[in-house]
Enquirer: 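Got a structure here, written out as structure tokens. Questions coming.
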Amino acid sequence: MRGMRASALAAQRLDEPADGVPRPSDTERSLAGRRSQPIRVRATAPGRACPTSGRIPRMPEPLGAESLRRVLGPTTAAAVGDIETVGERQCEGYLLRHVAYRVPSGRASVFVCIPDGLARPAPLVFCHHQHASRFDLGKSEVVGLRGNADQRYAAELAQRGFVTIAPDAIGFEDRNWDGGANIGWFELSSRLVRGRTLLADLLQEVSLAIDYGASLPEVDAARVGFIGHSYGGRMAIWAPAWDQRIRASVSNCGCIPYRDSAARDAGFQADFVIPGFARDYDIEDVLSAAPQCRYLLIAGDQDVWSRGAADIARELEHRGHDHATVRIRPGGHEFPFEDRELAYGFLESALA
């Protein structure tokens, strides 16, 4: 097991993907280029015409809080409303509360875990569930009611004194309207034709959940964190760039860049399809857009969805960023106890 900051990874390389994909031209990165290639948007010298088009190359706008919203497209203005407490149950060390409230895409279904015996307001941690093609499952897994016991990080964090909040993402568990079928590509395409993206709506719902959580008397709204595995690990990278309130975020097995996702054994999840995004940006740009957040990226060296972790670390070092720690460990697509303990300790330190 080894932990390392970006600066310690300069000489490390992961295995390269199979060849047979285009190599970068002078004006744009290849979406599926070699994993070890640093991210650069190549351009001719200032004022010089592009040799292939005769035009001055367009330089992308750096990602920030406002530009990210322009890239992802519009959302419907919304506030948490029509809040309903569906039920409560006492668990070992915390109260599990099921709430629902209105969101633009329907009605959110959310579990909140409130630790017993809090002496003062506690940090709030958003716990995003995995994908695993289990569309009948979402928030129930991270609180330990169903599914994989290694995914019960919302419950485990509550037992350590964090207030945790775990909604169903669009298309999962209570937010699935087709009996557990994959509705993600419908949810995406029905937005794309209207100039919108699914990711923008998902991130807006993250912010609405934080709004709700921050309103609770048990929560210190100045200390907000995020954690997720796989799908949740990918959202753990995006959410702090969207919502600057997030001060610490743990991404487990979810850091694969767009340039590596075009490989046939990887592919693209509907939730992260953004027209034109990979032409100008990649995951390093998203991480760079959230300097207020301390990141812990945990990657398995045999995990498809962790590909590119060492390249991400090198690129962040090249940019002079030190707010992200990249840890590459032996193993595959999993969130074992040792890594969860590392993640919990990281959140305790970052949100102290």
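Scope of the values below: all heavy atoms of this structure, side chains included, with no hydrogens, waters or symmetry mates. Numbers for residues simply follow the sequence, beginning at 1.
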Enquirer: Knowing that exactly one of Y212, W242, F226, F111 qualifies, which makes a ring-ring contact (aromatic ring centres under 6.0 Å, His included) with F126?
Expert: F226

Enquirer: Measure up the H129 and Y231 rings against each other and bin them: parallel (under 30°), tilted (30 to 60°), perpendicular (over 60°).
Expert: perpendicular

Enquirer: Let's go through E173 and R134 carefully: what are the C-alpha distance in whole Å and the side-chain angles of both, what is the deciding distance for salt bridge (charged side-chain N to carboxylate O under 4.0 Å, His left out) to 0.1 Å, and is it a yes or a no?
Expert: CA-CA 8 Å; E173 202 169 312; R134 286 290 307 275; over 6 Å; no

Enquirer: Only one of F268, F272, W238 clears ring-ring contact (aromatic ring centres under 6.0 Å, His included) with F277; which?
Expert: W238

Enquirer: For a quick test of reading the model, state the closest non-hydrogen atom pair linking D303 to G332 and the distance between them.
Expert: CB-C, 3.7 Å

Enquirer: Are R319 and E315 ion-paired here, with the side-chain N under 4.0 Å from a carboxylate O?
Expert: yes

Enquirer: Is it true that K139 and D168 have a side-chain N and a carboxylate O under 4.0 angstrom from each other?
Expert: yes

Enquirer: Examine distances only and state if a side-chain atom of Q159 and a backbone atom of E92 form a donor-acceptor pair shorter than 3.5 Å.
Expert: yes

Enquirer: Quick one about R196 and T76 (side-chain donor to acceptor, distance below 3.5 Å, no hydrogens or angles considered), yes or no?
Expert: yes

Enquirer: Using a strict 4.0 Å threshold on nitrogen-to-oxygen distance, state whether D220 and R120 make a salt bridge.
Expert: no

Enquirer: Salt-bridged, R329 to E338, with N to O below 4.0 Å?
Expert: no

Enquirer: Between E341 and R160, does any NZ, NE, NH1 or NH2 come within less than 4.0 Å of an OD or OE carboxylate oxygen?
Expert: yes

Enquirer: Salt bridge (charged side-chain N to carboxylate O under 4.0 Å, His left out) between D211 and R245: does it pass, once the steps are laid out?
Expert: CA-CA 10 Å; D211 289 345; R245 292 175 293 181; 2.8 Å; yes

Enquirer: For R97 and E88, run salt bridge (charged side-chain N to carboxylate O under 4.0 Å, His left out): C-alpha distance rounded to whole Å, both residues' side-chain angles, the deciding distance at 0.1 Å, then the answer.
Expert: CA-CA 4 Å; R97 179 180 297 158; E88 293 183 343; 2.7 Å; yes

Enquirer: Please check if the number of heavy atoms outside R89 that lie under 6.0 Å from its CZ is greater than 12.
Expert: no

Enquirer: For F172 together with H131, are the ring centres under 6.0 Å from each other?
Expert: yes

Enquirer: Decide yes or no on salt bridge (charged side-chain N to carboxylate O under 4.0 Å, His left out) for R307 and D260, but give the supporting numbers first.
Expert: CA-CA 7 Å; R307 282 180 184 162; D260 290 331; over 6 Å; no

Enquirer: Does a salt bridge link R107 with D174, judged by any charged N lying under 4.0 Å from a carboxylate O?
Expert: no

Enquirer: Using a strict 4.0 Å threshold on nitrogen-to-oxygen distance, state whether R234 and D271 make a salt bridge.
Expert: no

Enquirer: Is it true that E205 and R175 have a side-chain N and a carboxylate O under 4.0 angstrom from each other?
Expert: yes

Enquirer: Can you hop from I298 to L347 via hydrophobic side chains spaced under 4.5 Å?
Expert: yes

Enquirer: Is a side-chain donor or acceptor of S67 paired with a backbone partner of P62 at a separation under 3.5 angstrom?
Expert: yes

Enquirer: Parallel, tilted or perpendicular: which describes the rings of F186 and W177, with under 30° parallel and over 60° perpendicular?
Expert: perpendicular

Enquirer: Please report the C-alpha distance between V143 and L96 in whole Å, then the side-chain angles of each, then the deciding distance to 0.1 Å, and finally whether the side-chain contact (heavy atoms from CB on, under 4.5 Å) criterion is met.
Expert: CA-CA 8 Å; V143 300; L96 177 64; 4.1 Å; yes

